[in-house]
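Below is one structure; the comments refer to it alone.
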Amino acid sequence: MVNTKVTLCGLELDNPVIPASGTFGFGYEFAELYDINCLGTFSFKGTTAEPRFGNPTPRIAEFSGGLLNAVGLQNPGVDAVIAEELPKLAKCFHKPVMANISGFSLEEYVSVAEKLNACEQVGWLEVNISCPNVHGGGMSFGTDPAAAAMVTKAVKAVTTKPVIVKLSPNVTDIVAIAKACEDAGADAVSLINTVMGMRIDLKKKKPIIANRTGGMSGPALLPLAVRMVYQVYDAVKIPIVGLGGVSTAEDVVELMLAGATAVEVGAANLVEPYACRNIVEDLPRVMEKYGIKNLSDIIGGAH
Amino acid sequence: MQQGIFTIVSNRPVSGATYEMVLQGDTSAITAPGQFINIKLDGFYLRRPISVCDRNDSTVTILYKALGKGTEAMTAFAPGKELDILTGLGNGFDVSKSGEKPLLVGGGVGVAPMYLLAKELIAAGKSVTAVLGYNNGGDVFYAEKLEELGVRTIVCTADGSIGVPGFVTDGMKEVEDYTYLYTCGPEPMLKAVYDACKTSGDFSFEERMGCGFGACMGCTCETKYGNKRICRDGPVLVKEEIVW
């Protein structure tokens with residue numbers, strides 16, 4: 001028997017597999033297909049202070065290695081999330097959930113964090129400072145170490161939950177941002193968010209996505225994620241949640257060897273709705289194949 | 001929604017760039033006309049959402065137009081090939097609202113879902129009229145099949161070579177009265193049909209989708225009743241909720 005358990009910021013996960021924010025809604029669509037309690041946890045749809053419609057459509061484009069999206073943080077707002085989504089979720093998911101929060105100002109991050117801090121269902125706050133698809137917020141906090149530290153410190157001040165800061169790969173030096181978050185009190189970092197890209201429609205001769213740019217995700221990103229997790233692992237002591245292009249149990253093991261304590265799965269959920277369940281079920285086979293008894297033993301094993 | 005492996009029974013052109021594919025597999029998740037299926041294609045990351053044209057207990061029929069690389073690749077698929085497909089997606093048309101004399105308006109590949117819809121309405125004893133719009137005479141498909149069901153079928157072609165010259169709205173002028181309208185086609189056509197429509201109606205929309213089952217929020221639109229995901233809360237919206 002292999003042991004797939006890992007501990008993320010003091011909370012034990014049955015396995016390291018976590019559907020990434022924005023690819024799993026609030027869980028119900030997937031709960032209709034399989035028992036989502038098989039997951040380590042999941043990171044729910046990025047939540048802001050007010051309801052947001054998001055960007056105009058088209059919001060989606062494709063490339064051979066994945067997709068681009070510019071949804072733009074569509075969400076019902078934190079009050080509706082707490083009043084409606086979380087009670088519904090409690091019926092189908094009985095583990096602590098990861099609350100993904102976003103903001104357009106420091107005050108917004110703080111107010112959303114404060115409200116979700118009061119929710120018993122929430123195990124971790126994942127602070128998104130890396131959304132490439134909104135203007136005047138999101139990624140602008142995640143591309144400057146001082147701004148990243150400021151958001152981290154402000155959120156930490158209003159919550160007792162572990163704070164995981166989600167980092168952008170659209171930077172010159174992700175290590176510097178990760179260290180700034182660690183120094184500001186982050187309990188963990190998650191990386192990488194999507195990579196900013198663009199596709200152009202050859203018939204219309206214009207960008208496909210209405211927002212023009214979108215965030216790339218999918219299998220093409222895995223090597224970038226592995227490299228960045230590896231570099232950040234060398235530089236920080238806090239745990240890392242790895243993500244980017246993960247679609248198999250082998251990918252999970254690879255990111256853990258690079259330094260991830262847990263692994264999020266994003267785009268794969270959208271093309272293979274059973275992706276996360278399949279990865280969870282396949283993990284023991286892959287562990288046995290590579291002689292791994294305790295999954296937590298391999299974290300950073302490639303260093 | 002259900003995931004399953006389907007085997008291609010036939011795959012043939014029905015006119016111009018439009019193809020008909022019959023797939024064998026478990027069709028039990030398809031519960032209403034106007035729903036769609038989402039097909040995984042080798043070499044393409046996203047699935048291809050295509051509306052259901054017809055179904056029975058063991059097969060589903062789709063019509064698709066070879067427009068991009070994915071649908072072009074599909075035209076070469078041979079019978080016997082297996083495809084990974086999500087079925088039973090979207091809300092579909094509400095046949096209970098039809099009244100005695102429903103009008104069906106389909107444009108281009110938007111004709112596809114009108115076939116199963118007409119079949120169900122005819123089976124329910126309704127007097128069905130269909131207005132079908134195509135770019136030119138060479139594009140016409142499934143008009144005869146609808147007639148064979150017992151549907152009064154009015155064909156319109158933009159080039160005027162067959163039937164009523166002009167758009168579906170020109171064909172609609174020939175229909176004296178109807179009790180409810182069902183339509184599917186490109187958005188400019190839907191808007192024109194909306195403006196010409198004398199009753200309430202079910203309008204089926206198209207949008208670029210990510211997942212096709214409500215998870216990614218890639219295809220959200222605004223309606224009078226709040227934000228809706230075309231893939232999950234649609235593709236059919238009722239006339240009264242549409243915001244243009």
Side-chain angles (χ1 to χ4, degrees), chain A residues 19-30 32-34 45-46 51-76 80 199 201-203 208-210 214 216-220 245 247 266-275 278, chain B residues 1-5 29 31 37-49 65 67-73 83-90 187 205-235 243-244:
Chain A
S21 180
T23 65
F24 213 71
F26 288 90
Y28 337 122
E29 284 80 15
F30 294 86
E32 285 174 20
L33 298 174
Y34 65 90
K45 179 76 187 140
R52 280 180 57 82
F53 174 73
N55 289 324
T57 55
R59 296 173 172 183
I60 302 286
E62 187 187 33
F63 71 107
S64 58
L67 75 147
L68 288 82
N69 89 81
V71 169
L73 295 176
Q74 180 185 342
N75 79 92
R199 297 290 328 254
D201 184 318
L202 301 190
K203 273 183 200 148
I208 291 173
I209 293 178
M216 293 161 60
S217 58
S247 36
N269 293 305
L270 306 179
V271 291
E272 174 46 72
Y274 293 94
N278 293 348
Chain B
M1 172 170 89
Q2 189 171 301
Q3 185 171 25
I5 301 297
T31 53
I37 66 176
N38 213 356
I39 308 176
K40 179 89 188 98
L41 304 177
D42 292 339
F44 297 89
Y45 193 67
L46 295 176
R47 290 170 182 267
R48 293 301 187 268
K65 198 166 181 181
L67 281 175
K69 282 186 178 173
T71 41
E72 273 167 20
L83 294 171
D84 170 349
I85 300 180
L86 305 176
T87 54
L89 300 174
E187 194 167 314
F205 283 79
E206 241 187 15
E207 186 52 81
R208 264 178 187 271
M209 292 177 187
C211 63
F213 53 91
C216 73
M217 311 288 165
C219 60
T220 305
C221 71
E222 278 177 273
T223 76
K224 286 177 189 158
Y225 310 146
N227 298 336
K228 290 203 169 181
R229 298 160 295 180
I230 291 296
C231 71
R232 175 96 179 183
D233 310 310
V243 178
W244 295 102

- Query: Do A:Lys45 and B:Met217 come close enough that some side-chain heavy atom pair is under 4.5 Å?
  - Reply: yes
- Task: Heavy-atom pairs under 4.5 Å with chain B are the metric here; pick the option from A:Phe26, A:Phe53, A:Tyr28 that has the most.
- Result: A:Phe53
- Contact summary for A:Ala70 and A:Gly214, nearest pair of heavy atoms: CB-CA, 4.2 Å
- State, with a plain yes or no, whether a side-chain heavy atom of B:Ile37 is found less than 4.5 Å away from one of B:Leu86. no
- Message: Counting neighbours of CD on A:Glu29 that are heavy atoms of other residues, nucleotides or ligands and sit closer than 6.0 Å, is the number greater than 12?
- Response: yes
- Establish, yes or no, whether a centroid distance under 6.0 Å links the rings of A:Phe63 and B:Phe44. no
- Item | Residue A:Pro273 versus chain B: region with a heavy atom under 4.5 Å | both
- Message: Heavy-atom pairs under 4.5 Å with chain B: which of A:Thr23, A:Asn75, A:Asn269, A:Leu67 has the most?
- Response: A:Leu67
- Task: Identify whether the distance between the nearest side-chain nitrogen and carboxylate oxygen of B:Arg48 and A:Glu62 falls below 4.0 Å.
- Result: yes
- Item | Max heavy-atom pair count under 4.5 Å with chain A, selected residue of B:Lys69, B:Arg47, B:Lys40 | B:Arg47
- Closest heavy-atom contact between A:Phe30 and B:Ala215? CE1-CB, 3.6 Å
- Query: Which answer fits B:Asp84, side chain, backbone, both or neither, if we ask what part of it has an atom under 4.5 Å from a heavy atom of chain A?
  - Reply: side chain
- Task: Would you check if there is a donor-acceptor pair between the side chains of B:Gln2 and B:Thr87 at a distance under 3.5 Å?
- Result: no
- Message: Quick check: under 4.5 Å, non-hydrogen atoms only, which of residues 224-235 of chain B neighbour chain A?
- Response: B:Asn227, B:Arg229, B:Arg232
- Query: What's the shortest heavy-atom distance between A:Pro58 and B:Glu207, and which atoms?
  - Reply: CA-OE2, 3.9 Å
- Cut-off 4.5 Å, heavy atoms of chain B, and the answer for A:Phe24 is backbone
